[in-house]
Amino acid sequence: MKAPTTAVGSQHWLFKSEPTEFSIDDLQRVGREAWTGVRNYQARNYMRDAMQLGDLAFFYHSNCAVPGIVGIGRISRKASADPTQFDPDSAYYDPKSQPDHPRWQCVQLGFERKLKRCISLHEISQKAAALGNLALLQRGNRLSILPVTAPQWNFILSLE
DNA sequence: GCCAACGTTGGC
DNA sequence: GCCAACGTTGGC
């Protein structure tokens, strides 16, 4: 018997986005968005190797007045080649990536809902003891896509 | 705007 | 493979 694969939609993630670039309101308006432009190998590996259709993700506003979690999205398409890597006009163009061996991948994130209120990084930091080693709170973390455990997910949502 | 904490690049 | 230089992230 084959080992069971990870159940569809059973995992949780956190996606960072600068609201001046792409906010939760933008996601709500367009409904779904290909998460292009990730140029970090670890973040890519999370998308390419781990994310399953239906996984849930916190939508986090970074580099803004009140950084924090503002909404929820859901993986609506599994990873595929990020087209911006082949577009010379794109800010994310990667001349070293070959079309037959794409270096970068992206998933599609669908809008699920906005939180009733922003759960700020400040507030999350204050609850650090209850959250264990939440990747978001790890020192020096700069990844734009982070894993969240089910207990962490449930605890953060309970703050809403 | 500052700056700590990275990840990446490229010379050697 | 080492590592200095450089670029980026992102909170503050």
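Residue numbers start from 1 in every chain, and the chains themselves are labelled A, B, ... in the order their sequence lines are given, proteins ahead of strands.
- A heavy-atom distance below 4.5 Å is found between the side chains of A:Glu123 and A:Arg117.
- The side chain to side chain donor-acceptor pair (under 3.5 Å) check on A:Gln28 picks up nothing, with sequence neighbours excluded.
- Applying the 4.5 Å side-chain rule to ILVMFWY residues, one finds A:Trp104 in the same cluster as A:Tyr41.
- Residue whose closest nucleotide on DNA chain B sits further toward the 5' end, between A:Asn63 and A:Asn141: A:Asn63.
- For DNA chain B, the contact window with chain A, defined by any atom under 4.0 Å from a protein heavy atom, covers B:dA5 to B:dG10 in 5' to 3' order.
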Q. Should A:Trp153 and A:Trp13 be marked as a side-chain contact (heavy atoms from CB on, under 4.5 Å) after you check the CA-CA gap, both sets of side-chain angles, and the distance that decides it?
A. CA-CA 9 Å; A:Trp153 177 275; A:Trp13 306 95; over 6 Å; no
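- One finds a salt bridge joining A:Asp25 and A:Lys114 here, because a Lys/Arg side-chain nitrogen approaches an Asp/Glu carboxylate oxygen to under 4.0 Å.
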